[in-house]
Each structure stands twice: as C-alpha cells, then as structure tokens.
Amino acid sequence: MLKTNVQHNDVLSTRQRSPLPHFEFSIGNGLFVFILSSGEEVPVMTTLQKQQLVVSIEEAIGHLCKGMSHGRTEKLPLEECVGRVLAENFFTPFPMPPFRRAAMDGYAIRSHTTLGAGPGSEVMLRVIAEIKAGASRNFVEECTGSRLIDDIDAVRIFTGAPVPHRYDTVVMQEVVTPIKGEDGKPLWIGIDRHHPSGRHIAEAGEDLAPGKQILVKGTTIGAKEMAVLASYGQGEALVFAKPRVVVLPVGDELQEPGTPLSPDHIYDSNGLVVYAFLKQLGVEVTRRKPVPDHPAILTREIEKAAEQADLVITTGGISVGDHDYVERAAARAGYEPLFTKVLMRPGTPTSAFKKEGSLLFGLSGNPSACYSALELLVKPTIQWIKGMKSYRNQWQKGRLEDSIGKPCPYPRYIRSIASMELGVWRLTPLPNDKSGNIAAFAEANAIAVIPAGGRGAAKGETISFLLLTHMANGGLTL
Ligand SMILES: Nc1nc2c(c(=O)[nH]1)N[C@H]1C(S)=C(S)[C@@H](COP(=O)(O)OP(=O)(O)OC[C@H]3O[C@@H](n4cnc5c(N)ncnc54)[C@H](O)[C@@H]3O)O[C@H]1N2
Ligand code: MOO
C-alpha cells in the first residue's frame, strides 16, 4: 500500500514509493506525482494535507477480505437454498443408486440362458412375474424366490424397478417377441440373440459410494447441486446467511426517482444501481433515501446503517471537494480507513473503512465509477462474506475491435460490448465512456481493461475483460 501523509514540503520516502515507475516533488503544501511510462510524464495525483492510502485492485481485495469473516450460518429448507452457499462439506450418506435397478423397460433374464440363440433358433423364456418401479422389497423377493421354478425364467421389468439378484441382464422390450396371455400380459418371450451379462442394469453404488465428499463448503447451490442434495433426501442444508447491506446515496443534488425534478438536481440512480447489483448477488439490501452533504447527518446515517448491516455502501461525497464528507463521517462513526484511493479509473477515489466486523465502502458518485467499483471490488468482497470458495472475478481475454487512444496512469476500465465469434471474444469499447455518462450502460455487457500507462491500446490487441454480473448469470436474479 502506498501511504502518503502529506505535509508542507513533504516528499514520499523510498519505502512508500508507488509500485509504478514515478517521480515526485512538492510545491507549497501539495504533492505532485508523475508516472513515467513510455518516456512520457503524466500528472496523476495531487494531495493537499490529506492522508492517502493507495492500493491496486488486488491489494484492495486482500485488505477487504482479510479479517472479514464469512457470514453466520443457518439451516434452511432446500427450496430456500437456491443461490446460497453451502457452509459444510457434504458426504454421501448411502450408495447411489441406492438399489440395483433396471435402466430400460423390458425383461430381466439370466444371460447364460440366451447362449446359442440366433435368428431361426430363438430361446423361449417364461415370464414369471412383473416388477414395476416402486415395487416393495417383499414382492421382489417373492417373485424370484418361491416362484422360481426352472432355468428358463424371465421377469417383466420397467425402468427404475429393482432387479432381483438372480438376474444379471435386462433385455429391452423392443428386441424380444412376446407371446401374450388373454389379459395382454406376456407369458413367454422369444429371444433371437445372445445378451451378455450386465446390460441395462445400474448396480447399487455404481454412481457414488457412501462416505464420499461430493460437495465442498463454499459451493453455491444451484440446480445441479440440488440434484445431489435432493437425491440424498436432504430436507435442509446448512448455508451461510445472506450478508446485510445498507446503501446510502450522498449528495444535496440528489432526488428520489418518482418525484418532480427540481432545477440543478439529478435523480439518485446509483442508489438503485447498487441495490440491483447486490440483489443479483443474493444480498439482503436496504436502500436509503439520499443523505444531504452534511457531516453530522451523514455520520448519524452511517452509524444507524452499521447497526443493521454487515456492510454499508455510500456513493458520492468521497473525493477531495470541500463538501465530500464520507471519509470524515466514517472516521467520526468509528471506522478506520483500509484504503482511500485505488489504482483504477474510473473509480479512483473508491475508499473502504473498517470497524470491528463491519465494512464501509465509499463509492464514487460518478455512475461509471460507482459501477466499476461494484464489479471490481464490492462483488469479490460480498462473495467472500457469502462464503464462496471462488470469490474472485473471472477475467477472460479478448481481441480489441477499436483502438483506445487515451493514456491513463492506472488501468482503465471501459464499458464494452463483448461478442464471441469463431471461438474468439471480440471487444468493442463503447464511445463516450466518461465517468459521469450513462449512455454506455444501455449496451455494455462487459468491462474491458486497458493496461496502465502507455498510449491506451491498439485495435487487434488482446486485452482482459469481465462479463458484467447480470450477463454472466444469464439474467438470473437471486
Ligand atoms: N479536484 C479534484 N476533483 C475531483 C477529483 C480529484 O481527484 N480532484 N476526482 C474526480 C473523480 S475521478 C471522481 S470519480 C469524482 C468523485 O467524486 P465523489 O465520489 O465525491 O462524488 P460526487 O462529487 O458526490 O459526485 C460526482 C458526480 O456524480 C453525481 N452523483 C453523485 N451521486 C449520484 C447518485 N447517487 N446518482 C447519480 N449521480 C450521482 C454527482 O452529481 C456528480 O456529478 O470526483 C472528481 N473530482
Ligand atoms: O474515478 Mo473518476 O475517474 O472520474 O470516475
């Protein structure tokens, strides 16, 4: 972490230097840092008597998750576990399938009785019983026990029915010639080929032996995990509780959507953006009305929110303006800063604070900056608190379809359209992607990252990108 506590004429010590190649000097009581990249000097930061804790995204995630425990656990009926994270390993309690069963509708026979069978020399087997799925064990025993008479017996059997141990193969009904009685049920079957042992029978435990660890703690429960848990008759599962989050939009200029817009005001969109994003992540989220730029009111709102939530998220009021009070209000509410600047753009002023077991995120007010911080920082943190074993973002590689000319000392995150063509991801960065603009939200399905420094990135370059959360989930809201 780069920590700068800037006073008059201070310069950074060697130990505190930025991880990027840089040159620093001070004028008056301000610190100027220049990043040297490709021989070019780009001014990146001016701080005036303000403590700055600067981190990369990776470092930020490390700070956020370190010391932050996973949520409480609770036992819930299986239907309520969709999207929840398993809080314990799951071991198979019994063999799967639990009994030896037929995999086809047909006849259970003894394989050796069909040796020598062929076209024109059919083997005739006598059908001594019928066993359907769900048949009682007694009935199965009876059928093949006392009623067993000779070596040419067969049993009419249906998919999913228990196969008595006497029989070692099941012949599909399509390949036998039945001779039926008056009631339409087969009395005899003719078989014109040899049927080897073991066909169309699922042996008990052939899928899974008992005592095997099949689902690990930290797995998100979706449809396929349900296949395992429900197959083993689990009425409930032990899962991590949903993290509770309170969202506080901050700014005198903000108005609730649904009210007439006053001059020089804007609607609070970030409050709903954060709300929707967290809902998609399966979080219990409360959105408060906009809080004014007033330090005492903001402090009180943060304190109230912290009483109800594991995580408080503010948007706006986190930069260096005279009326940006989030950092000060956080301190007054007893929070310690984890970082106050992230090497990313947009979203450079993104900050995080910690108090006992609770976190406070100070997200930027600019819509794109707010959204980038949600995807890049808030999401992995929430996933960690949710107890997910894979809590980090899954970055992919794609080919840039347009050049990005703008140099940036930090990695630049650009709202883009990702499309797959002939097995290759292609990324079209959306124009006019200014931090305060919202047009790009209409079309974007990805965030592309342009590496720090240099002159941006050229068309055809391979760059990393992230599919936006609701795209990656196929629109699923939990
Ligand atoms: N002198 C400097 N000024 C700024 C710097 C800087 O380094 N030096 N950083 C700029 C960057 S980068 C960003 S990002 C913004 C961040 O400012 P804040 O996070 O304090 O946000 P605000 O100033 O409150 O608002 C910024 C912008 O966003 C609008 N906004 C705020 N809240 C909402 C909301 N809930 N929904 C929709 N839009 C919102 C607000 O009206 C402003 O237009 O600071 C730069 N300044
Ligand atoms: O951090 Mo800000 O780069 O304008 O969004």
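Just follow the structure's listing: the first ligand is 1, and inside any ligand the first atom is 1.
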Within the 4.0 Å heavy-atom shell around [X], which atoms of ligand 2 are there?
X    : answer
P349 : 1 (O)
P346 : 1 (O), 3 (O), 5 (O)
R345 : 3 (O)
T348 : 1 (O), 3 (O)
A369 : 5 (O)
S435 : 2 (Mo), 4 (O), 5 (O)

Where's the contact between [X] and ligand 1, heavy-atom distance under 4.0 Å: side chain, backbone, both or neither?
X    : answer
T348 : neither
V326 : neither
N270 : both

* Asked: Looking at E303 and R300, does any basic side-chain N land under 4.0 Å from a carboxylate oxygen?
  ->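 No, no charged N to carboxylate O under 4.0 Å.
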
Nearest 0.5 angstrom please: [X] [atom1] to [Y] [atom2], how far?
X    : Y    : atom1 : atom2 : result
N366 : N437 : CG    : CG    : 9.0 Å
H323 : H294 : NE2   : NE2   : 12.0 Å
I414 : I463 : CD1   : CD1   : 7.5 Å
Q383 : T220 : CD    : OG1   : 7.5 Å
L374 : T350 : CG    : OG1   : 9.0 Å

Under 3.5 Å, is there a donor-acceptor pair between the [X] and [Y] side chains?
X    : Y    : answer
S368 : Y413 : no
T159 : D105 : yes
K379 : T469 : yes

Run the contact test for [X] against ligand 1 with a 4.0 Å cut-off on heavy atoms, strictly below, and give the result.
X    : result
D324 : yes
S269 : yes
G317 : yes

* Any N or O of G347 that comes nearer than 3.5 Å to an N or O of ligand 2? ->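 There is such a contact, yes.
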
Can you list the ligand 1 atoms lying under 4.0 Å from a non-hydrogen atom of [X]?
X    : value
Y267 : 36 (N), 37 (C)
S364 : 14 (S), 16 (C), 19 (O)
E253 : 31 (C), 40 (C), 41 (O)
N366 : 13 (C), 14 (S), 15 (C), 26 (C), 27 (C), 28 (O)
T315 : 35 (N)

[options]: member with heavy atom nearest to [atom]:
atom                    : options                : value
atom 46 (N) of ligand 1 : G362, G251, S319       : S319
atom 30 (N) of ligand 1 : S351, P290, G365, G321 : G365
atom 32 (N) of ligand 1 : I318, D252, L254       : L254

* Asked: Mind checking whether W384 and H70 have parallel, tilted or perpendicular rings, split at 30° and 60°?
  -> tilted

* Asked: With a 4.5 Å heavy-atom cut-off, do K354 and L360 have their side chains touching?
  ->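 SC-SC contact between K354 and L360 ruled out.
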
* To do: Kindly say whether the aromatic ring centers of W425 and F465 come within a distance under 6.0 Å.
  => yes

* Closer than 4.0 angstrom: is that true for some heavy atom of S364 and an atom of ligand 2? ->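 Flag not set, S364 not near ligand 2.
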
* Main-chain N/O of M344 paired to T348 side chain as donor or acceptor, under 3.5 Å ->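 Yes, because the side chain of T348 sits within donor-acceptor range (under 3.5 Å) of the backbone of M344.
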
* **Proximity of N366 to ligand 2 by residue part, where a heavy atom lies under 4.0 Å** =>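 The part of N366 near ligand 2 is the side chain, not the backbone.
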
* Closest heavy-atom contact between F353 and P337? -> CD2-CA, 3.5 Å

